[in-house]
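Here's the structure, in structure tokens; my notes come after.
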Amino acid sequence: MRFLDDAQLPPALARWLVACGHEAQHLVDLGMQGASDKMIWDVALQTNAIIISKDEDFALRKTFDRSGPPIVWVRLPNSRRRELLQWFEIMLPQMISALERGDHLFELA
């Protein structure tokens with residue numbers, strides 16, 4: 001799977017996803033740190049990427065636009081990078097399974 005990690009998440013998440021065998025980029029990798037939600041949405045559509053974000057706006061937009069990219073909405077409280085990656089390690093199999101079966105919005109909470 002291909003992921004695009006939003007600015008509120010650490011670039012280490014993209015590196016970790018790559019180490020797990022997925023394609024992943026952080027907005028920093030693309031020089032898009034200040035990109036609008038629309039720009040991020042469009043890049044995800046063009047590259048067939050799944051957006052991983054803490055931004056509720058992506059989740060809300062997805063409920064109205066089923067043709068857009070899949071969204072992983074991270075609803076965890078602010079935490080240290082290590083804690084965030086540990087949570088992803090626990091939830092990754094469930095997240096991948098949901099996305100493979102066609103879920104378009106996965107809430108990581």
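Numbers here simply count residues along the sequence, with the first being 1.
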Same apolar cluster: Met32 and Leu17, side chain cutoff 4.5 Å: no
Hphob cluster co-occupancy, Leu30 + Val28, side-chain heavy atoms under 4.5 angstrom: no
Residues which pass side chain to side chain donor-acceptor pair (under 3.5 Å) with Arg66, listed by chain and number, not counting sequence neighbours: none
Same apolar cluster (I L V M F W Y, side chains within < 4.5 Å links), Val43/Val18: no
CD1 on Ile40 to CD1 on Ile51, rounded to 0.5 Å: 7.0 Å
Minimum-distance pair of heavy atoms, taken over all atoms of Leu85 and Ala12: CD2-O, 4.2 Å
Reported OG1-to-CZ distance for the pair Thr47 and Arg2, which is rounded to 0.5 angstrom: 5.5 Å
Contact summary for His22 and Ile96, nearest pair of heavy atoms: CE1-CD1, 3.6 Å
Over 12 non-hydrogen atoms of neighbours within 6.0 angstrom of CZ in Arg101: yes
From Leu45 atom CG to Asp65 atom CG, the distance as rounded to the nearest 0.5 Å: 7.5 Å
salt_bridge(Asp57, Arg61) N-O dist < 4.0 Å: no
Common cluster, Leu105/Phe88, ILVMFWY with side-chain heavy-atom separation under 4.5 Å: no
CE on Met91 to CG on Leu76, rounded to 0.5 Å: 8.5 Å
Residue pairs fulfilling ring-ring contact (aromatic ring centres under 6.0 Å, His included) with at least one residue in residues 28-69, sequence neighbours excluded: none
SB check Asp5 Arg15 (cutoff 4.0 Å): no
Common cluster, Ile50/Leu27, ILVMFWY with side-chain heavy-atom separation under 4.5 Å: no
Heavy-atom closest pair, residues Glu107 and Arg75: OE1-NH1, 2.7 Å
Whether His26 side chain and Leu9 backbone form a donor-acceptor pair below 3.5 Å: yes
Spacing of CH2 belonging to Trp73 relative to NZ belonging to Lys62, to within rounding of 0.5 Å: 14.5 Å
Side-chain heavy-atom pair Asp6, Val74 within 4.5 angstrom cut-off: no
CD-CZ distance between Gln25 and Phe3, expressed to the nearest 0.5 angstrom: 13.0 Å
Residue from Leu4, Leu108, Val72 passing side chain to side chain contact (heavy atoms under 4.5 Å, CB included) with Ile52: Val72
Within residues 83-97 or reaching into it, pairs that qualify as side-chain hydrogen bond (donor to acceptor under 3.5 Å, both in side chains) - sequence neighbours excluded: none
Shortest non-hydrogen contact from Pro69 toward Ala49: CB-O, 3.5 Å
Side chain proximity check, Leu92 to Trp16, heavy atoms < 4.5 angstrom: yes
